[in-house]
Amino acid sequence: MTSAPPGRTGTSVTVPDLRCAASRSTARRLLDGAGRATLVAYRDDPDRPHAVLAHGMTPADLVAVALHDGEGLPEPNQCGEVRLRIDQHGADPSLRVATASLHALAHLRVVDDSELDTLRSLDLLPTDVGWAAEAGAPVALLALDRVVLHGQGGVSAHRLADVVGEQTFPRAVEEWECREIVAGLGKERTENLLADVLAGRRPGSVGHEHRTPTSALTHAGRTLLADVDSTGCTWLRVEHDRTRTVFAAFPQPVTSVSELGAAVAGLAQPAV
């Protein structure tokens, strides 16, 4: 993202602050179950991706993954080195577009049946991972220290401790409801809001311009919701010759669906 044009925003929040907060929020959500994850045992079989059925964080700040199968990965209780990738796609289902991807190197250990039973009985697995385990999916635990996020604000690196130290919002199960709340702004108020960000009258930032791909030309002239998170909302402005993102920041981070409703209602008010 680049900064919006100069102007008074009524806040001391700077664009770098917004970028950092949004990047941490996105990384936290992706680690905690959002997006689609894949693993590659990059030392042993770098050309073979392993499908992940579900993933999420454990209370011990490990990433738990439910695998399609364990073929090509270490035997239970043996460690291996893997590359984790989690891809996020835009909130509007009418246009399939990647909005962010998280990357990390990790130590993986496939848990045996006895440990899996213990983790499930103590409710230490993310819900979706636990459901997949009940259906017979192998489960592995990943230990990692740092993540790299490729997002609308560019590339940023984060320590795991800085990413997981705050509440995740929205959780994967809340994403659809959050999209519906933001969609309630309607076309006119959304366009007015983005015009305020572009003119520097509201806190936010504008992404780099990219040539509109042929596959997206049918959406030219539309503004599509790309993401909703605790720090603000991101839209895609699709034009015939270019596409860019516009991020409108909330005055304060939100941590629940009810807080999101109030924050979005605030965005609908004219800029001061």
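If you read the sequence from its start, that first residue is 1, and numbering goes on from there. If you're wondering where the values come from, they're calculated on a predicted model, not measured in any experiment.
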Check Val182 against Cys233 and note the closest heavy-atom contact, atom names and distance. CG2-SG, 3.8 Å
Quick one: does His55's side chain have a donor or acceptor within less than 3.5 Å of a partner on Ala34's backbone? yes
Kindly compute the distance separating CZ (Arg244) from CH2 (Trp235), expressed to the nearest 0.5 Å. 14.5 Å
Side-chain donor-acceptor pair under 3.5 Å between Ser230 and Ser25, yes or no? yes
Euclidean distance, Leu193 CG relative to Gln269 CD, rounded to 0.5 Å: 11.5 Å
Do you know the tightest heavy-atom contact between Arg29 and Pro170? NE-CD, 3.7 Å
Inter-residue atom distance Leu225.CG - Thr190.OG1, 0.5 Å rounding: 8.5 Å
Does Arg242 form a side chain to side chain contact (heavy atoms under 4.5 Å, CB included) with Arg211? I'd like the steps, not just the answer. CA-CA 4 Å; Arg242 63 177 182 175; Arg211 182 186 299 274; over 6 Å; no
Rounded distance [0.5 Å steps], CG in Asp87 versus NE2 in His150: 10.5 Å
With the 4.5 Å side-chain cut-off for hydrophobic clustering, are Val40 and Leu53 part of the same group? no
Please check: side-chain N/O of Gln78 versus main-chain N/O of Glu75, any donor-acceptor pairing under 3.5 Å? no
Are more than 12 heavy atoms from other residues, nucleotides or ligands located less than 6.0 Å from atom CG of Asp45? yes
For Val197 against Pro203, the heavy-atom pair lying closest together: CG2-O, 4.3 Å
Residues at least two apart in sequence or cross-chain that pass salt bridge (Lys or Arg N to Asp or Glu O under 4.0 Å) with Glu180, listed by chain then number, are none
Using a side-chain heavy atom cutoff under 4.5 Å and only I, L, V, M, F, W and Y, what cluster partners does Leu67 have? Leu30, Leu31, Leu39, Val52, Met57, Val63, Val65, Leu73, Val82, Leu84, Ile86, Leu102, Leu108, Val110, Leu142, Leu144, Val147, Leu149, Leu160, Val163, Val164
Do other residues, nucleotides or ligands put more than 12 heavy atoms under 6.0 Å from Glu177 CD? no
For residues 113-128, which side-chain N or O atoms pair as donor and acceptor with protein atoms under 3.5 Å away, sequence neighbours left out?
{"unit_1": "Glu115", "atom_1": "OE1", "unit_2": "Arg109", "atom_2": "NH1", "d": "2.7"}
{"unit_1": "Glu115", "atom_1": "OE2", "unit_2": "Arg109", "atom_2": "NH2", "d": "3.0"}
{"unit_1": "Thr118", "atom_1": "OG1", "unit_2": "Ser114", "atom_2": "O", "d": "3.2"}
{"unit_1": "Ser121", "atom_1": "OG", "unit_2": "Asp117", "atom_2": "O", "d": "3.2"}
{"unit_1": "Ser121", "atom_1": "OG", "unit_2": "Thr118", "atom_2": "O", "d": "2.9"}

In terms of side-chain heavy atoms, does Asp227 have a donor or acceptor partner in Thr99 at a distance below 3.5 Å? no
Which donor-acceptor pairs under 3.5 Å do the side chains of residues 249-267 make with protein atoms, sequence neighbours left out?
{"unit_1": "Thr255", "atom_1": "OG1", "unit_2": "Glu259", "atom_2": "OE1", "d": "3.1"}
{"unit_1": "Thr255", "atom_1": "OG1", "unit_2": "Glu259", "atom_2": "OE2", "d": "3.3"}
{"unit_1": "Ser256", "atom_1": "OG", "unit_2": "Ser258", "atom_2": "OG", "d": "3.1"}
{"unit_1": "Ser256", "atom_1": "OG", "unit_2": "Glu259", "atom_2": "N", "d": "3.2"}
{"unit_1": "Glu259", "atom_1": "OE1", "unit_2": "Thr255", "atom_2": "N", "d": "2.8"}

Could you tell me whether Glu134 atom CD has more than 12 heavy atoms of other residues or ligands within 6.0 Å of it? yes
Clusters formed by hydrophobic residues whose side-chain heavy atoms approach within less than 4.5 Å: which one holds Trp131, and what are its other members? none
How long is the straight-line distance from CZ of Arg201 back to CG of Asn192, given to the nearest 0.5 Å? 9.0 Å
Considering only heavy atoms from C-beta outward, does the side chain of Glu191 approach that of Arg237 to under 4.5 Å? yes
Is there a side chain to side chain contact (heavy atoms under 4.5 Å, CB included) between Arg48 and Glu71? Walk through the geometry before answering. CA-CA 11 Å; Arg48 178 181 180 179; Glu71 185 178 350; 3.6 Å; yes
Among residues at least two apart in sequence or on other chains, which ones pass side-chain hydrogen bond (donor to acceptor under 3.5 Å, both in side chains) with Arg159? Asp162
Is a side-chain N or O of Asp229 found less than 3.5 angstrom from the main chain of Gly232, in a donor-acceptor match? yes
